[in-house]
There are 2 protein chains.
Amino acid sequence: MAVPELTNTKSPRVKAAKRLAKRAFRERDRAFLAEGPQAVREALSSPGVVTELFATADAEARHGDIVAAARAAGVPVFGASGEVMSELAQTVTPQGLLAVCRFVHVPLAEAVPPGTGLVAVLTHVRDPGNAGTVLRTADAAGADAVVFTDASVDPYNGKCVRASAGSLFHLPVVTGTPVADAVARLKSAGLRVFAADGSAEGTLDDVDLSGPAAWLFGNEAWGLPKDVLELADEVVRVPIYGRAESLNLATAAAVCLYASARAQRAASPEG
Amino acid sequence: MAVPELTNTKSPRVKAAKRLAKRAFRERDRAFLAEGPQAVREALSSPGVVTELFATADAEARHGDIVAAARAAGVPVFGASGEVMSELAQTVTPQGLLAVCRFVHVPLAEAVPPGTGLVAVLTHVRDPGNAGTVLRTADAAGADAVVFTDASVDPYNGKCVRASAGSLFHLPVVTGTPVADAVARLKSAGLRVFAADGSAEGTLDDVDLSGPAAWLFGNEAWGLPKDVLELADEVVRVPIYGRAESLNLATAAAVCLYASARAQRAASPEG
């Protein structure tokens, strides 16, 4: 190791990183934690995002390429004892790599320029695992941006970061925006705004999805509030062809986002 | 309450129900537990499935209709103290209703008659939450059956039952079948067998999904083994239009099942 191993869970450096598990400290430091080899690798692929890397000796042996990439990028790498890693990590079986990262979100106007094709908006989504899964799915579906409104969970919550499987670092993410501002911007950028809500009369099968689209996804239990439904150009639901009462949020979002992505590509195959 | 409340967590009746949390006892008794108002309501909608219902006084007050439906169906209802319910329930905040249910799975040939339109097959799926979510999604997409192969998690695992949100009781479920037997039956019933695998060259966009289809979904981490891929008529992946490395299992399954369901309906709209 290039640096002495941190073994004291009470050391100032360990304490400074650990408190980033709390939103108030993340906001103050404008920093968050990314855990595990996949997230750390993706974070390092965006220059200037990772400001510190903690690695156990085991993890350095297993993921020498990641640690080397950090060092090559000038990121300070700290050896961490197993005890220190357990103190920092939020998973039961930490994989020995944990990065302190600068906030990566961007302003709404930057994330949604004119000509944007596909955007996911999370509003009143409360479960960070769901939010991260939708972020990952939006990335897979080729979305241009994901917007977390001010009524949604923090995208930098550790569970959200982990569930996003690196996608937090792949596409522009906006956070803390009032939903009305987000919708206004999306409309002015030329996107049709669809609200996905289980109570809608019309379904995915009834609408033309070939053009630029933004999708509003709501709360896990109760969907979208009336004032948000009224902001949308269309309110649709995923059709239930069988007897299930509903779909879970991440599943419904996957069906909507892929339906848009595939319809857009079918309409302009060279895109 | 019509019956005295069970307050002793060591009583034979409580112990007999509690051990159904373990697969070996489920197999021996050919019975499993369904927890919470939604699952119990759905279980009661299939005659003869529920053999005992445990209800706290609180739950009986909140869900009188469910308890009354059980009594009307001749199901013995046992009052349960909060302590007994906590002993029986697998969730941290049990909702006070728990049913002992008979196994509901059916033979493969019964679940997949000639003319079947859409089937999901889970093989090597290990996480019960994922399996239950796929079952719920298959139900929503109008699948005719869901097959759990002998290399997959037990559909009666408590987490799977909960994640299925009642869908375990909605459509024919097969369990413990060798994957080769399942595929042979699906083909002989006239379905085209698609294997969903992230390593495939072709994608959903390259295949004709308008006909009867079965989808094979594999392990969360490593997908489908080579011998299973070779059984399929076609191996396809969900297209990744963005930078995500992959989709999670339940999300990929949702995209595939809905792509089939929507294509089948577009091909014969009156269906």
Query raised in the report: Tell me, side chain or backbone of B:Ser45 under 4.5 Å from chain A's heavy atoms, or both, or neither?
Result: side chain
Query raised in the report: Where along residues 136-148 of chain B does a heavy atom come under 4.5 Å of chain A, listed by residue number?
Result: B:Arg136, B:Thr137, B:Asp139, B:Ala140, B:Ala141, B:Gly142
**Report entry** Residues of residues 239-262 of chain B within contact distance of chain A, non-hydrogen under 4.5 Å
**Finding:** B:Pro239, B:Ile240, B:Tyr241, B:Gly242, B:Arg243, B:Ala244, B:Glu245, B:Ser246, B:Leu247, B:Asn248, B:Thr251, B:Ala254, B:Val255, B:Tyr258, B:Ala259, B:Ala261, B:Arg262
Requested in this report: Apply side chain to side chain contact (heavy atoms under 4.5 Å, CB included) to A:Glu35 and list each qualifying residue two or more places apart in sequence or on a separate chain.
Outcome: A:Ala89, A:Gln90, A:Thr91, A:Leu98, A:Arg162
Query raised in the report: Just wondering, are more than 12 heavy atoms of other shown residues or ligands nearer than 6.0 Å to CZ in A:Arg126?
Result: yes
Query - Heavy-atom contact with chain B under 4.5 Å, split by part of A:Leu118 - result: neither
Query raised in the report: Is there any residue in residues 190-197 of chain A with a non-hydrogen atom under 4.5 Å from a non-hydrogen atom of chain B, and which ones are they?
Result: none
